[in-house]
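Here is the structure we will look at.
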Amino acid sequence: MLDFSDLLRPEAILTGVSVANKKALFQQLGGAAAGIVACDAKTIADRLGEREKLGSTGFGGGVAIPHAKLPGLPAVTGVFARLAQGIEFQAVDALPVDLVFMLLSPTEAGADHLKALARISRRMRDRAFLAKLRGAGSRDALYALFTADEARDAA
């Protein structure tokens with residue numbers, strides 16, 4: 001099973017992100033991911049936008065999990081962003097989104113992509129966890145929150 005430490009690097013955590021809409025968010029996420037996955041930011045943003053046209057990835061509680069598959073990626077990779085202000089996302093509960101976990105997968109990563117989405121979704125439905133994410137003071141604190149359970153499980 002993919003752990004958050006497999007999906008998320010500390011440098012892939014963004015805080016205080018200020019964007020006006022989904023398109024600007026996808027551009028920012030694409031820029032953050034470009035250096036990690038060696039793919040250009042515009043391609044990432046475009047793929048996220050294409051997926052979003054199929055239906056909103058905002059699943060409620062202020063959370064969205066935009067995702068896309070891209071050729072040539074070395075592994076399933078995530079970027080987490082905590083927004084300075086929530087944005088309209090056409091989420092199922094119509095609430096603005098302020099916590100975003102973007103998932104990028106290689107084109108051929110069928111099962112791994114779905115497993116990673118399921119793991120992220122389960123974690124991001126935990127209201128106590130979301131409160132901790134919103135209250136965390138730094139990128140390191142956010143990373144520790146995502147990986148804390150794994151460290152305990154491994155001990």
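Source: prediction; values computed, not measured.
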Check your understanding: Does Asp40 use its side chain to pair, donor to acceptor, with the backbone of Ala34 at less than 3.5 Å?
Key -> no
**Study point:** Under 3.5 Å: donor-acceptor pair, side chain of Arg51, backbone of Gly55
**Key:** yes
Check your understanding: Is the closest side-chain donor-acceptor distance between Gln85 and Ser18 under 3.5 Å?
Key -> no
Revision key, fill the gap. For Pro96 and Gly86 the tightest heavy-atom approach is CB-C, 3.8 Å
**Study point:** Qualifying residues under ring pair (Phe, Tyr, Trp, His ring centres under 6.0 Å), relative to Phe59, sequence neighbours excluded
**Key:** none
Check your understanding: Looking only at heavy atoms, which two atoms of Lys132 and Leu145 are closest? And how far apart?
Key -> O-CD1, 3.5 Å
Point to revise | Evaluation steps, side chain to side chain contact (heavy atoms under 4.5 Å, CB included), between Thr77 and Leu7 | key: CA-CA 5 Å; Thr77 304; Leu7 298 173; over 6 Å; no
Practice item. Determine, using the 4.5 Å side-chain heavy-atom cutoff (strictly less than), whether Phe129 and Tyr143 are members of one ILVMFWY cluster. Key: yes
Review point. Backbone N or O of Pro66 within a donor-acceptor pair of the Glu52 side chain at under 3.5 Å?
Key: no
**Study point:** Ala12 to Gly78 - nearest heavy-atom pair and separation
**Key:** CB-O, 3.5 Å
Study note, to complete from the structure: Contacts of Asp126 meeting salt bridge (charged side-chain N to carboxylate O under 4.0 Å, His left out) (sequence neighbours excluded), chain-then-number -> Arg123
Point to revise | Heavy-atom side-chain contact between Arg119 and Arg122 under 4.5 Å | key: yes
Review point. Under the side chain to side chain donor-acceptor pair (under 3.5 Å) test, which residues partner Gln90, sequence neighbours left out?
Key: Lys22, Glu88
Point to revise | Under the side chain to side chain donor-acceptor pair (under 3.5 Å) test, residues paired with Ser105 that sit two or more places apart | key: His113
Exercise for review: Indicate whether any N or O donor in one side chain lies under 3.5 Å from an N or O acceptor in the other, for Arg47 and Thr43.
Suggested key: no
Review point. So, for Asn21 and Ala24, which heavy atoms are closest and what is the spacing to 0.1 Å?
Key: OD1-N, 2.8 Å
Review point. Once you round to the nearest 0.5 Å, how far does CG of Leu114 lie from OG of Ser121?
Key: 12.0 Å
Study note, to complete from the structure: Sorted by chain and residue number, the side chain to side chain donor-acceptor pair (under 3.5 Å) partners of Asp112 (sequence neighbours excluded) come out as none
Exercise for review: Output the distance between atom CZ (Phe101) and atom CD1 (Ile120), rounded to the nearest 0.5 Å.
Suggested key: 4.0 Å
Review point. When Ile, Leu, Val, Met, Phe, Trp and Tyr are grouped by side-chain heavy atoms lying under 4.5 Å apart, directly or through other members, which residues fall in the same group as Leu29?
Key: Leu14, Val17, Val19, Leu25, Phe26, Ile36, Val37, Ile44, Leu48, Leu70, Leu73, Val79, Leu83, Ile87, Phe89, Val97, Val100, Met102, Leu104
Point to revise | Closest heavy-atom pair and its distance - Pro106, Pro74 | key: CG-C, 4.4 Å
Practice item. Search all heavy atoms of Pro71 against all heavy atoms of Thr107 and return the closest pair with its distance. Key: N-OG1, 3.0 Å
Revision key, fill the gap. When rounded to the nearest 0.5 Å, the distance separating CG of Leu8 from CG of Leu103 is 10.5 Å
Review point. Are Asp98 and Arg82 close enough that some pair of their side-chain heavy atoms sits under 4.5 Å apart?
Key: no
**Study point:** Cluster overlap Phe80 with Leu117, hydrophobic side-chain contacts below 4.5 Å
**Key:** yes
